Amino acid sequence: MSDESTQRDYRDTVFLPKTAFPMKAGLPQKEPGIQARWQEIGLYEKLRESRAGREKFILHDGPPYANGDMHIGHALNHILKDMVCRTQNLLGKDAPYVPGWDCHGLPIEWKVEEKYRKKKLDKNAVDPKEFRAECRAYAQHWVDTQREQLKRLGIMGDWDNPYLTMDFQAEATIVAELMKFAEAGNLYRGSKPVMWSPVEETALAEAEVEYEDLTDSPQIDVAFEITECPNAPELEGAYAVVWTTTPWTIPVNQAIAYGADLSYDLVEWNGRKYLIAFACQAETMKRWGYEPTTGEGSLAGAYTGSKLAGAKARHPMHHLGGFYATPRPFLAGDFVTTESGTGLVHMSPDHGEDDFELCKANDIHPVFAVMDDGRYRDDWAWLGADDLDGEGKPRRRSVINKPFNSPEGPICSDLREADALLSASADYAHSYPHSWRSKAKVIFRCTPQWFVPMDEVLDSGDFDLAVPDPIGGAVSLFVHHDHSTLRQRAMSEIERVRFVPEKGRNRIGSMVEGRPDWVLSRQRAWGVPITLFVRPDGSYLQDPAVNARVVEAVREDGVDAWEEARKAEFLGPDHNPDDYEMVMDILDVWFDSGCTHAFVLESGRWPDLQWPADLYLEGSDQHRGWFQSSLLQSCATRGRAPYDQVLTHGFTMDAKGKKMSKSLGNTIDPLKIMEQTGADIIRLWALSVDFTEDHRIGDEILKGVGDQYRRLRNTFRYLLGALDGFVGDMSDAGEIPELEVYILSLLSELDGKLRQAVEDYDYNTYTRLLVDFCNEDLSAFFFDIRKDSLYCDGPDSVTRNAYRTVLDLLFHSLVRYAAPVLVYTAEEVWQSRYPEDGEQGGSVHLLEWPPVPTVPADREKWSKLRALRERVTEAIEPLRRDKVIRSSNEATVIVPAGAVPEVVTDAQLAELFITGTVTRSQGDEVRVTKSTDAKCGRCWRLLPDVPEDGALCGRCKSVVAARDTAA
RNA sequence: CAUUGGUUAGCUCAGUCGGUUAGAGCAGUAGAAUGAUAAUCUACGUGUCGCGGGUUCGACUCCCGCACCAAAAGCCA
């Protein structure tokens, strides 16, 4: 039908997208270069300049601990922070980011000590200053390492000026903040049992303790002979039975507690009478190996606990004399139950909170028999040395030493010998506190410590602060001199602050509601000293002039300034050094980090920052950590929280939802992912998961993220190609076709939803909206329909120009929307279109949220059209499957007239459906047949005005003619 | 042991203030085209909405119990 001469190859007359932007990303190779360029052009500084004077948004960075490589948790946390700052900057606000590190504390000290141990050096023999210098160097090393890793991740911030809690200035501020507590009297020295780690030789705060389930704990039953019982003399000579899981506390037993309302009874066994709570008899005797057939057991007559008032028993080791010879009184304790044990509780005020309180009320005091390292004092009467020290000299073992407490250990052996041990085994299951860092067991131990009281009225509350509503609007004044306690203030701030997600409020609320006084002191070396001068009676000096000298000294010389040699210098002429002792404890590191708001936001060292912060953003574990320490610190010193909003994220689990741990070998290393697939992939992952909950990462998930990434990348690649050589703008777009108007309205809708997602910190919605828009509305709809116009319309075609104008707008919008997520790829896209450094400041990250026109589009009409379009493509599918037609262009379509919105032409329908001619009928069906028209050799459409296959349609004929003429 | 949160398609997530066939993207399968080409387009989801009860005309959605996962946290003498 056509001879060869008419079959021209029109390929080179078609305007195909052209771009140098590669489809393959090669992120691992490309990202470091982009990163280097940012540094070169001073991107962060440029951004600050460009946002100067704008409304501020202050995200205050919670300091990660400077110890070890970046892990997936750090990565997630920092990506979220980066997303917050970048989106706020994009919105035109001034949102600086000053990263920081937590540098003091036990874990670092521990690592440095490990080095000593390896070299067989005694830490205590090293000069403290030298030791601290090593800790400082160790922390600095990891600060530098993590800084590079976070930069590589694309986190934008003031990396040249991070804050470190070990900076002298920070240390001085921490001291100054502590002195605010001291000067206001909001500190006290107490001597009560606290969690103590014999391994680390320091007191621990709740936050530093974790509970581990044990199944092999010892449990013993010990008999105390009753020597006196005024209300029931017949009990004299019987034995009171106590049960304990900590045999090592028996040597410091000082009393026995009973429940006044509980019912007690004697049992007879092996010729002796034992007093046990009635409810506990069966279980207790089972431990002793009691067999019912022996005929022994419960004796007649029950005793209510109150009969034991005034009774006394003697310690099984009473023959040792001294401490052990003192009769042990029976004391009524409301904490005594019959749920476990014997209903009689052995009391050692040194090692239990209940014990301490009950004994204190009865004028029985701790004896401090256990030393810092967990061993009994050498002069303690009971328990000989049964272990060898490093030099082979005999010494006592630590009380957390397993053999020490075992049924064969020295305690049990001695008790057995004294005929006081009724049972001993190592099979008790319970959860037991361990040190968070060393994983070693901790003990309750009574030592003098410094506390911040939670329930004392804070009388220094001259807080001249207006507290704005976090959402804006109404301003409520903080009530001054309200005689509230720290706990009350903290609770009311928890009411005020915005928590995202909302459940965080309950979480921190219930913790603050029930927490004990804050134990501030630690008996360690690497930290900020508690710079107090104490009098022999335990009271401390409250002289602002002295404190000012101390703060100044720390500002000059760091924490090393607090040394005995400078005592007189600090005290000055007004105080006699002989009247005071310097406290040599250091501060809980949570106090350090609780002060970051003071030395970072308030100090003026970072002029871009201001107090209070708009937002704190950390993992949900910080409800008991930084969120809380900052809240308490600030409430006590400033009357309000240092933040208006708190955002928390969950933790990253492995692909199966299991916790990641090095020992399980299921960790995902973000450094490796960056090396293998790129930082943008981790970022896209972090911003697509529901970070408010625990979430997963794994190979399959990352593969999915990679696919998502490629689709986004390809959308940009298409835009770049289609916009090749485009220089126009909206002003010369002329009449805009309805399809373009519709797309613009979709864009405007997307824009609104993205803004809302930013407002809600809902980033997985943010990325999903972006991806869905690119896939659904652009790639599969708009781009597909307009492909014909882009490829085949003439250069001056109104449609084509309008399309490219809208593509340009889409480009500028999408690249900005994507920039906070795909920081590297967005920059690559931007550079690809605007390679000149000067253009728009040289980086996509300096741009602001795009202005998107709000255009009126008949959305109802378009949803009707898109529904009809779906019906048509669906109807075409069977014909393609049967190979009747191949391309949708070959289809002639008859649609029900009723399904077509008004004022839509058949030609417009054909364009939308990407089919041949479309007509309408009165039926209900969409009918598709193979077109009988010929196929245009250039645009491949089947049209009535194409004379024969391979010839040109009218449109193409004129485009080619114009082109030929030009050539 | 008690507490809190979670459990919707292979994966990431929506959703339902109780009401007709529970939705997207990605993956998968099949196909088209070969002019976004390591790309693009089309079609395809019988998912016990963790399990078991209850309330209700009706529950994935409310209530109770259980299981599993996770967190935090108190007691455990």
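Quick caveat: nothing in here was measured; it's all calculated off a predicted structure. Side chains included, hydrogens not; waters and symmetry mates left out as well; all remaining heavy atoms used. Within every chain, numbering begins at 1; the chains are lettered A, B, ... in the order of the sequence lines, protein sequences first and strands thereafter.
- OP1 or OP2 of B:C41 has at least one side-chain nitrogen or oxygen of A:R711 nearer than 4.0 Å.
- Using modelled atom types, one finds no donor on one side chain facing an acceptor on the other under 3.5 Å when comparing A:T677 with A:Y709.
- Take A:R941 and apply the side chain to side chain donor-acceptor pair (under 3.5 Å) test, not counting sequence neighbours, and it matches no residue.
- Applying the side chain to side chain donor-acceptor pair (under 3.5 Å) criterion to A:S887, with sequence neighbours excluded, gives no partner residue.
- Under the 30°/60° scheme for interplanar angles, the aromatic rings of A:F330 and A:Y258 are found to be tilted.
- B:U46 and B:G31: their C1' atoms are spaced 24 Å apart (whole Å).
- Paired regions of RNA chain B, where each region holds three or more successive Watson-Crick or G-U pairs whose two hydrogen-bonding distances fall under 3.5 Å, are B:3-7 with B:67-71, B:10-13 with B:23-26, B:28-32 with B:40-44, B:50-54 with B:62-66.
- Checked by distance alone, A:N714 brings a side-chain donor or acceptor within 3.5 Å of a matching partner on the base of B:A36.
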Polar-atom pairs under 3.5 Å, protein N or O versus N or O of nucleotides 6-10 of chain B: list them with distances, or write none.
residue: B:G10; atom: O2'; partner: A:E700; partner atom: OE2; Å: 3.3

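- In the set B:A73, B:A27, B:C13, the nucleotide with an atom closest to the side chain of A:R624 is B:A73.
- A residue-by-residue look at A:P17 and A:E353 shows that A:P17 has its nearest nucleotide of RNA chain B further toward the 5' end.
- The side chain of A:Y791 contributes an N or O atom lying less than 4.0 Å from OP1 or OP2 of B:A36.
- Counting non-hydrogen atoms under 4.0 angstrom, A:R938 reaches a base of the nucleic acid.
- Two residues, A:G343 and A:V14, neighbour RNA chain B, and the one matched to the more 5' nucleotide by heavy-atom proximity is A:V14.
- Considering only residues two or more places apart in sequence or on other chains, A:R804 meets the salt bridge (charged side-chain N to carboxylate O under 4.0 Å, His left out) condition with none of them.
- One finds a side-chain N or O of A:K787 lying less than 4.0 angstrom from the OP1 or OP2 phosphate oxygen of B:A36.
- A donor and an acceptor atom, one from each side chain of A:S688 and A:N764, are nowhere located under 3.5 Å apart.
- Among the nucleotides B:C76, B:C13, B:A43, the one closest to the side chain of A:W243 is B:C76.
- Contacts of A:S620 with the nucleic acid, taken as non-hydrogen atoms under 4.0 Å apart, are absent.
- Listed pair A:R710 / B:A39 meets the phosphate criterion, a side-chain N or O lying under 4.0 Å from OP1 or OP2.
- Side chain A:S779 to base B:A36: a donor-acceptor pair is found below 3.5 Å.
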Within the sub-3.5 Å range, which N or O atoms of nucleotides 31-33 of chain B have a protein N or O partner, and how far apart are they?
residue: B:G31; atom: O3'; partner: A:K883; partner atom: NZ; Å: 3.0
residue: B:A32; atom: OP1; partner: A:K883; partner atom: NZ; Å: 2.3
residue: B:A32; atom: O2'; partner: A:R880; partner atom: NH2; Å: 3.1
residue: B:A32; atom: O2'; partner: A:R886; partner atom: O; Å: 3.0
residue: B:A33; atom: OP1; partner: A:R886; partner atom: NE; Å: 2.8

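- For the C1' atoms, the distance linking B:C49 with B:A14 amounts to 13 Å, nearest Å.
- With no hydrogens or angles considered, a side-chain donor-acceptor pair links A:N253 and A:H346 at under 3.5 Å.
- Taking the P atoms as reference points, B:C17 lies 15 Å from B:G23, given to the whole Å.
- Panel note: side chain A:H623, backbone A:D621; no donor-acceptor pair is recorded below 3.5 Å.
- Annotation: side chain to side chain donor-acceptor pair (under 3.5 Å) contacts of A:S423 (sequence neighbours excluded): A:D221.
- Contacts of residues 244-262 of chain A with RNA chain B (heavy atom under 4.0 Å): A:T244, A:T245.
- Within 4.0 Å of A:M511, counting heavy atoms only, lie sugar-phosphate atoms of the nucleic acid but no base atom.
- Partner of A:F691 under the side-chain contact (heavy atoms from CB on, under 4.5 Å) criterion, chosen from A:T648, A:D762, A:L80, A:T652: A:L80.
- You'll find that the side chain of A:N775 is closest to B:C26, out of B:A14, B:C26, B:A77.
- If you check the side chains of A:N775 and A:S779, you find no donor sitting under 3.5 Å from an acceptor.
- Distance from the side chain of A:M23 is smallest for B:A38 among the nucleotides B:C41, B:C75, B:A38.
- Nucleic acid contact for A:G352: none, since no nucleic acid atom lies under 4.0 Å from a heavy atom of the residue.
- A:K30 places a side-chain heavy atom less than 4.5 Å from the side chain of A:E828.
- Judged by a 6.0 Å distance limit and a 45° cone about the ring axis, A:R328 is not positioned over the six-membered ring of A:F224.
- Annotation: ring pair (Phe, Tyr, Trp, His ring centres under 6.0 Å) contacts of A:F782 (sequence neighbours excluded): A:Y803.
- Residue contacts for A:N506: at a heavy-atom cut-off of 4.0 Å it reaches no nucleic acid atom on any strand shown.
- Looking at heavy-atom distances under 4.0 Å, A:S348 makes no contact with the nucleic acid at all.
- Formation of a donor-acceptor pair under 3.5 Å by the A:S510 side chain with backbone atoms of A:R507 is found in this model.
- By the salt bridge (charged side-chain N to carboxylate O under 4.0 Å, His left out) test, A:K787 pairs with A:D784, sequence neighbours left out.
- Looking at heavy-atom distances under 4.0 Å, A:F783 makes contact with a base.
- Applying the salt bridge (charged side-chain N to carboxylate O under 4.0 Å, His left out) test to A:R938 and every residue at least two apart in sequence or in another chain returns nothing.
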Restricting to nitrogen or oxygen on both sides, can you table the protein-nucleotides 21-24 of chain B pairs closer than 3.5 Å?
residue: B:A24; atom: O2'; partner: A:D772; partner atom: OD2; Å: 3.2

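- Counted by atom type alone, A:T692 and A:H649 present zero donor-acceptor pairs between their side chains at under 3.5 Å.
- A:T337 has no side-chain polar atom (N or O) that falls below the 4.0 Å cut-off from OP1 or OP2 of B:A77.
- Among the nucleotides B:A71, B:U12, B:G25, the one closest to any side-chain atom of A:V771 is B:G25.
- Comparing the same atom, P, in B:G65 and in B:A2 gives a spacing of 11 Å after rounding to whole Å.
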